[in-house]
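Report on the structure given below.
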Amino acid sequence: MIISPTPIIYGLIFVAVLFLVEGIYLVAFGKSISLNSKVSRRLALLEKGGQREKVLEQLRKEASQHLRATGIPLYSLLAKKAQKANIAFSPQALMGVMALLAVVAFLGLTIGTAASLPIRIAVSIIMGVGAVFFWVNKKAKKRIDLIEEQLPEAVELMVRSLRVGHPFSAAIQIVAKEIPDPLGTEFGMIADEAAYGREITESLKDLAERIDMQDLRFLAVAVTIQSQSGGNLAEILDGLAKVIRARFRLFRRVRAITAEAKWSGMFLSGFPLGVLVIIQVTKPDYFDTVRDTPYFIPAALIVFTFLAVNIIFMKIMTNIKV
């Protein structure tokens, strides 16, 4: 049995490109941008000697720069995910990283494979752009999941602070100090904006829209109603924290119930690609008898089109929203 190393080399180059983009990100911004850090990025920047105004300006720029760059061709497909992931790279820098990764992938393909120049160029561009898209999607999902887990704890911390007599602005500052990233930095920005005169309710609404999270919208609406009509804010937030925890448990339960359907969809979508890779590895000359026929390329395009449609429909069918 002849084993072709080409698909393995392609996979290793793509994995190397993924590790490279993460390495570039860590080198450019240090460990302060890591979501695993126990100290929020805002506090880390302040501890390094940064002035409060400068730190706030930098964080606000990072928080809104991607949505302002939706006019860049093709970047609009990535802008919302990059916004939710709060990628510190500017849109121009992120596109520069795509170009750099494409060059690295092209060099790897040139050294490791005997593919023709057009194929190497096309595959290297796909790898460079695809690696950044994959990396940003992963960052966005991890960040949103962490915020969903941290939000009930943050609201309960505000409730305890309000019950001992602290004003709401002080409760926000306590959350900014005690809760790690990503929510710690977001609430730190709200506290700094409030110190410079912005309404906390406006900052909360802006945060909810940027992250596009329903629970944060509930929090913003609750604080806005209390500020306009009065009432016991601690009791309101205590009830909200219970609602958020109940919603979170419901989402986890739905996720567990629908896990089988989602994994079935992923398997059915990935099975043809896996078979193709196995054929290329174990019997690279399998398609030699039909490769030079005039119908091979049109047939291959039709098959891959149907495969793409299948993946899209499987994604739609298994994406159950509550």
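These figures come from a predicted structure and were not determined experimentally. Hydrogens, waters and symmetry mates play no part in the numbers below; they use all other heavy atoms, side chains included.
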Using distance only, find each side-chain donor-acceptor pair of residues 112-138 under 3.5 Å and give its atom names and separation, not counting sequence neighbours.
{"from": "T113", "atom 1": "OG1", "to": "L109", "atom 2": "O", "distance (Å)": "2.5"}
{"from": "R120", "atom 1": "NE", "to": "A115", "atom 2": "O", "distance (Å)": "3.0"}
{"from": "R120", "atom 1": "NH1", "to": "T110", "atom 2": "OG1", "distance (Å)": "3.0"}
{"from": "S124", "atom 1": "OG", "to": "R120", "atom 2": "O", "distance (Å)": "2.9"}
{"from": "S124", "atom 1": "OG", "to": "I121", "atom 2": "O", "distance (Å)": "2.8"}
{"from": "W135", "atom 1": "NE1", "to": "E22", "atom 2": "OE1", "distance (Å)": "2.5"}
{"from": "N137", "atom 1": "ND2", "to": "F133", "atom 2": "O", "distance (Å)": "3.2"}

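Outside the 6.0 Å centre-distance limit, the rings of Y10 and F14 are not counted as a close aromatic pair.
The cluster map of Ile, Leu, Val, Met, Phe, Trp and Tyr, joined by side-chain heavy atoms under 4.5 Å apart, puts V164 and L237 in different clusters. Both I174 and F187 sit in one connected hydrophobic cluster of ILVMFWY residues. Membership requires side-chain heavy atoms under 4.5 Å apart, directly or through other members. Criterion: ILVMFWY side-chain heavy atoms under 4.5 Å apart, direct or through other members. Under it, L307 and Y295 are not part of a common hydrophobic cluster. No continuous path of hydrophobic side-chain contacts links V104 to V15 [ILVMFWY only; heavy atoms under 4.5 Å]. Grouping the Ile, Leu, Val, Met, Phe, Trp and Tyr side chains by contacts below 4.5 angstrom, directly or via other members, places V221 apart from M213.
Classification of R217 and D212 as a salt-bridged pair holds, one side-chain N sitting under 4.0 Å from a carboxylate O. Between D288 and R291, at least one side-chain N (NZ, or NE/NH1/NH2) sits under 4.0 Å from a carboxylate O, which counts as a salt bridge. With respect to E62 and R41, a salt bridge is recorded, a charged nitrogen being found less than 4.0 Å from a carboxylate O. Contact check on E156 versus K242 returns no salt bridge, with no Lys/Arg side-chain nitrogen under 4.0 Å from an Asp/Glu carboxylate oxygen.
Using a 4.5 Å heavy-atom cutoff, the side chains of K205 and E209 are not in contact. The closest side-chain heavy-atom distance from R198 to D206 is below 4.5 Å. Residues F287 and L276 meet the side-chain proximity criterion, which asks for heavy atoms closer than 4.5 Å. You'll find the side chain of I24 stays beyond 4.5 Å of the side chain of F29, heavy atoms only.
T185 places no side-chain N or O within donor-acceptor distance of the main-chain N or O of P182, the cut-off being under 3.5 Å. The closest donor-acceptor contact from the side chain of T282 to the backbone of I278 lies under 3.5 Å. Checking side-chain atoms of H66 against main-chain N and O of I87 turns up a donor-acceptor pair under 3.5 Å. Checked by atom type and distance alone, the side chain of Q226 pairs as donor or acceptor with a backbone atom of G231 at under 3.5 Å. When atom types are taken as modelled, the side chain of Q150 and the backbone of D181 share a donor-acceptor pair closer than 3.5 angstrom.
The distance from atom CE of M98 to atom CG of L94, rounded to the nearest 0.5 Å, is 5.0 Å. Atom CG of L219 sits about 9.0 Å away from atom OG1 of T224, to the nearest 0.5 Å. Atom-to-atom distance recorded for I225:CD1 and T201:OG1 is 11.5 Å, nearest 0.5 angstrom. With rounding to the nearest 0.5 Å, the separation of CD in E57 from NZ in K61 is 8.0 Å. For the atom pair CD (E149) and CD1 (I144), the distance works out to 12.0 Å, reported to the nearest 0.5 Å. Between the CG atom in L151 and the CZ atom in F248 there is a gap of 10.5 Å [rounded to 0.5 Å].
Residues M158 and I172 share a closest heavy-atom pair of SD-CD1, 3.7 Å. For the pair I13 and A105, the tightest heavy-atom approach, listed with the atom from each and the gap, is CG2-CA, 4.0 Å. Minimum interatomic distance between R42 and L59 (heavy atoms only, all atoms of both residues): CB-CD1, 3.8 Å. In terms of heavy atoms, V290 sits closest to F296 at O-CB, 3.3 Å. Closest heavy-atom contact between L183 and I179: CB-CG2, 4.1 Å. D238 approaches V159 most closely through the heavy-atom pair N-CG2, 3.5 Å.
Few gaps surround CD on E193; more than 12 heavy atoms of other groups in view lie less than 6.0 Å from it. Within 6.0 Å of OH on Y196 lie more than 12 heavy atoms contributed by other residues, nucleotides or ligands. Within 6.0 Å of atom CZ in R52, more than 12 heavy atoms from other residues, nucleotides or ligands are found, so the atom counts as buried in its surroundings. By the neighbour-count criterion of 12 heavy atoms within 6.0 Å, atom CD of E199 is sparsely surrounded, having that number or fewer from other residues, nucleotides or ligands. Surrounding CD of Q214 are more than 12 heavy atoms belonging to other residues, nucleotides or ligands, all under 6.0 Å away. Within a 6.0 Å radius of CD1 in I257, more than 12 heavy atoms belonging to other residues, nucleotides or ligands are found.
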Practice problem: May I have the step-by-step check of side chain to side chain contact (heavy atoms under 4.5 Å, CB included) for V97 and L20, ending in yes or no? | Solution: CA-CA 10 Å; V97 170; L20 182 59; over 6 Å; no
Exercise. Check the pair R143 / E148 against salt bridge (Lys or Arg N to Asp or Glu O under 4.0 Å), numbers first and verdict last.
Key: CA-CA 9 Å; R143 187 168 185 267; E148 287 177 346; over 6 Å; no
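A ring-ring contact (aromatic ring centres under 6.0 Å, His included) check over residues 146-172, counting only residues at least two apart or in different chains, returns nothing.
Just one of L240, L204, I236 meets the side chain to side chain contact (heavy atoms under 4.5 Å, CB included) condition when paired with V223; it is L204.
Between Q65 and S90, the side chains place no donor N or O within less than 3.5 Å of an acceptor N or O (distance only, hydrogens not considered).
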